[in-house]
Amino acid sequence: MSIECPETYILTNQLNKELNNKTITNYEVQNSQQLQQKGFISQNQTLNHLINRKILSTTTKGNTIIIKLDNHWNIIIAPEYGGTITIHPPQTNPTKFHLKIDLQTLLLTINLTSIGCIQAVETPFLKTNYLYNRDFSQKLNPLETNFTPKHFIEQLDNKKQNIKTALVGKTAVIVGISNSAFQDIIYRAKINPKRNTHTLTLDEKQNLYNAIKQLIKERLEAGGKNQFTDLYGNPGLYIPKMGPNKKDQPCPLCNSKIEKINHGGGQVYLCPTCQK
């Protein structure tokens with residue numbers, strides 16, 4: 001289950017409410033040896049720098065969350081394709097986590113269920129961090145106020161590539177959208193995933209923009225996508241209009257059977273009638 005910009009936005013607001021001005025007194029790493037060897041989780045000698053650091057604020061862009069500490073340290077969290085960030089009362093004993101942070105008045109656990117990262121990074125080295133460069137770039141997050149139809153359409157006009165590549169991945173015109181949201185967006189906009197951006201009409205580009213904004217709005221209002229849980233363990237209630245488990249089900253708009261195709265390095269579900 002992809003954690004995308006609506007979910008990181010929800011978590012960031014909650015983390016700011018709960019963690020600001022609290023001091024990290026200890027941490028514990030669990031079941032993380034292989035992840036540390038691959039660099040997905042920082043080594044303990046780096047994590048040691050977090051102890052006695054005060055949390056200043058939490059920010060997000062794209063799929064990445066950054067907890068800013070004093071003394072120029074940061075915790076970068078990218079749950080990516082699944083993960084939970086949860087707070088617990090100090091007297092509890094959570095057992096399922098990769099990193100547990102003790103803040104005296106509460107515990108924070110981070111658990112990665114698939115691809116993702118937990119890294120401690122000094123501010124001078126943020127610009128050399130892959131996740132920071134990927135998400136905290138000049139590309140816009142759909143939640144930013146300057147993400148306007150004009151800006152989005154101008155960016156698409158500069159691309160001559162597959163529509164998925166334009167919305168998801170390293171060369172995308174925006175950040176914060178993964179395959180899960182992509183399928184929902186192009187279904188709402190009635191665009192086939194194999195279309196190239198240079199074939200899109202002005203109306204279709206506007207439909208894409210509207211679909212992105214509406215999807216983000218609905219996921220925020222629902223507390224995130226289903227299978228997502230927020231900082232307090234509350235589940236998200238948004239059910240995707242298109243995606244896994246939809247194959248052979250009737251399209252809600254035209255009753256055609258939903259198809260599954262392999263495309264762009266993953267699986268995409270679509271309505272062959274609505275999405276031309």
### Message
side-chain contact (heavy atoms from CB on, under 4.5 Å) for Asn63 and Cys5? Distances and angles first, verdict last.
### Response
CA-CA 5 Å; Asn63 302 40; Cys5 62; 5.5 Å; no

### Query
Rounded to the nearest 0.5 Å, how far apart are CD1 of Ile55 and CH2 of Trp73?
15.0 Å

### Query
Is it true that Ile177 and Tyr209 fall in one hydrophobic cluster, defined by side-chain heavy atoms closer than 4.5 Å?
yes

### Message
Would you say that Asn129 contacts Arg134 through its side chain, given a criterion of any heavy-atom pair below 4.5 Å between the two side chains?
### Response
no

### Task
Would you check if Lys241 and Glu218 make a side-chain contact, meaning some heavy-atom pair closer than 4.5 Å?
yes

### Query
Salt bridge between Glu204 and Arg195, side-chain N to carboxylate O under 4.0 Å?
yes

### Query
How far apart are the C-alpha atoms of Leu237 and Asn226, what are their side-chain angles, what is the distance that settles it, and do they pass the side-chain contact (heavy atoms from CB on, under 4.5 Å) test?
CA-CA 5 Å; Leu237 300 177; Asn226 62 338; over 6 Å; no

### Query
Considering only heavy atoms from C-beta outward, does the side chain of Phe152 approach that of Leu208 to under 4.5 Å?
yes

#### Entry: NZ/Lys190: more than 12 non-hydrogen atoms of other groups inside 6.0 Å
no

### Task
Determine the minimum heavy-atom distance between Thr128 and Phe125, stating which atoms define it.
OG1-O, 2.8 Å

#### Entry: Closest non-hydrogen atom pair between Thr273 and Ser256, with its separation
OG1-OG, 2.7 Å

### Message
Under a 3.5 Å threshold, yes or no: a donor from one side chain and an acceptor from the other, between Asn196 and Gln161?
### Response
no

### Query
Under 4.0 Å between a Lys/Arg side-chain N and an Asp/Glu carboxylate O for Lys205 and Asp157?
yes

### Query
Is any side-chain heavy atom of Cys251 less than 4.5 Å from a side-chain heavy atom of Cys274?
yes

### Task
Report the distance from atom CD1 of Ile163 to atom CG of Leu167, rounding to the nearest 0.5 Å.
4.5 Å

### Query
More than 12 non-hydrogen atoms from neighbouring residues, nucleotides or ligands closer than 6.0 Å to CG on Asp248, yes or no?
yes

#### Entry: His88 side chain vs Leu107 backbone, donor-acceptor pair below 3.5 Å
no

### Query
Are Pro90 and Gln104 close enough that some pair of their side-chain heavy atoms sits under 4.5 Å apart?
no

### Summary
Per side chain to side chain contact (heavy atoms under 4.5 Å, CB included), Ile77 is matched among Thr8, Ile110, Leu99 by Ile110

### Task
Answer yes if the side chains of Asn71 and Glu122 hold a donor-acceptor pair under 3.5 Å, and no otherwise.
no

### Task
Evaluate the criterion side-chain contact (heavy atoms from CB on, under 4.5 Å) for residue pair Thr229 and Asn234; output intermediate values, then yes/no.
CA-CA 5 Å; Thr229 56; Asn234 300 316; over 6 Å; no

### Query
Just wondering, more than 12 heavy atoms not from Lys159 lying within 6.0 Å of its NZ?
yes

### Message
With a 3.5 Å distance limit and no angle check, can you tell me whether Thr109 reaches the backbone of Phe97 through a side-chain donor-acceptor pair?
### Response
no

#### Entry: Between NZ on residue Lys100 and CG on residue Asn111, distance to nearest 0.5 Å
13.0 Å

### Thr58 OG1 to Asn13 CG distance, which is reported to the nearest 0.5 Å
10.0 Å

### Task
Quick one: do Tyr9 and Asn141 satisfy side chain to side chain donor-acceptor pair (under 3.5 Å)? Show the steps, please.
CA-CA 11 Å; Tyr9 182 82; Asn141 184 317; over 6 Å; no

#### Entry: Backbone N/O of His263 and side chain of Gln267: donor-acceptor pair under 3.5 Å
no

### Query
Is there a donor in the side chain of Asn158 and an acceptor in the side chain of Glu154, or the other way round, less than 3.5 Å apart?
no

### Message
Let me confirm one number: the OH-CE distance from Tyr269 to Met242, rounded to the nearest 0.5 Å.
### Response
10.5 Å

### Salt-bridge criterion met for Arg53 and Asp70 (N-O under 4.0 Å)
yes

### Donor-acceptor contact below 3.5 Å, side chain Asn31 vs main chain His98
no

### Message
Do Ile51 and Ile41 sit in one hydrophobic cluster, given that two such residues count as connected whenever their side-chain heavy atoms are within less than 4.5 Å of each other, even indirectly?
### Response
yes

### Message
To check you understand the geometry: which heavy-atom pair defines the closest contact between His49 and Gln45, and what is its length?
### Response
CD2-O, 3.5 Å

### Query
Can you name the closest pair of heavy atoms from Pro252 and Tyr187 and give their distance?
CD-OH, 3.2 Å

### Separation between CG of Leu35 and CD1 of Ile118, rounded to the nearest 0.5 Å
8.0 Å

### Query
Should the heavy atoms of other residues, nucleotides or ligands under 6.0 Å from CD of Gln138 be counted, would the total exceed 12?
no

### Message
For Thr25 and Asn52, which I'm curious about, is there any donor-acceptor pair between the side chains at under 3.5 Å?
### Response
no

### Query
Side-chain heavy atoms under 4.5 angstrom apart, residues restricted to Ile, Leu, Val, Met, Phe, Trp, Tyr: same cluster for Leu131 and Ile3?
no

### Query
Is it the case that more than 12 heavy atoms not belonging to Lys54 sit under 6.0 Å from its NZ atom?
no

### Query
So, do Tyr232 and Ile87 sit near enough that their side-chain heavy atoms are less than 4.5 Å apart?
yes

### Query
For Ala211 and Arg188, which heavy atoms make the closest approach, and how far apart are they?
CB-CB, 3.8 Å

### Query
Quick one: do the Asn74 and Thr123 side chains pair a donor with an acceptor below 3.5 Å?
yes

#### Entry: Residues Arg219, Glu7: salt bridge by 4.0 Å N-O rule
yes

### Single-linkage hydrophobic cluster Phe147~Leu143, side-chain heavy atoms < 4.5 angstrom
yes

### Message
With a 3.5 Å distance limit and no angle check, can you tell me whether Thr64 reaches the backbone of Gly62 through a side-chain donor-acceptor pair?
### Response
no

### Query
Counting distance only, does the side-chain N/O of Lys61 pair as donor-acceptor with the main-chain N or O of Ser137 below 3.5 Å?
yes

### Query
Can you hop from Tyr132 to Tyr130 via hydrophobic side chains spaced under 4.5 Å?
yes

### Task
Give the C-alpha distance, both sets of side-chain angles, the deciding distance and a yes or no for side-chain contact (heavy atoms from CB on, under 4.5 Å) between Leu108 and Leu231.
CA-CA 9 Å; Leu108 180 73; Leu231 195 64; 3.9 Å; yes

### Task
Measure the shortest side-chain to side-chain distance between Leu11 and Ile65 over non-hydrogen atoms and say whether it is less than 4.5 angstrom.
yes

### Query
Do Lys164 and Asn179 have side-chain atoms, one donor and one acceptor, less than 3.5 Å apart?
yes

### Message
Show the nearest heavy-atom pair for residues Lys139 and Ala172, with the distance to one decimal.
### Response
NZ-O, 2.9 Å

### Message
Quick one, Lys160 with Thr197, criterion side chain to side chain donor-acceptor pair (under 3.5 Å). Give me CA distance, side-chain angles, the key distance, then yes/no.
### Response
CA-CA 6 Å; Lys160 290 185 179 179; Thr197 54; over 6 Å; no

### Query
Any sub-3.5 Å donor-acceptor pair from Gln36's side-chain atoms to Ser42's backbone N or O?
yes

### Task
Answer whether the closest heavy-atom distance between the side chains of Ile261 and Pro193 falls below 4.5 Å.
yes

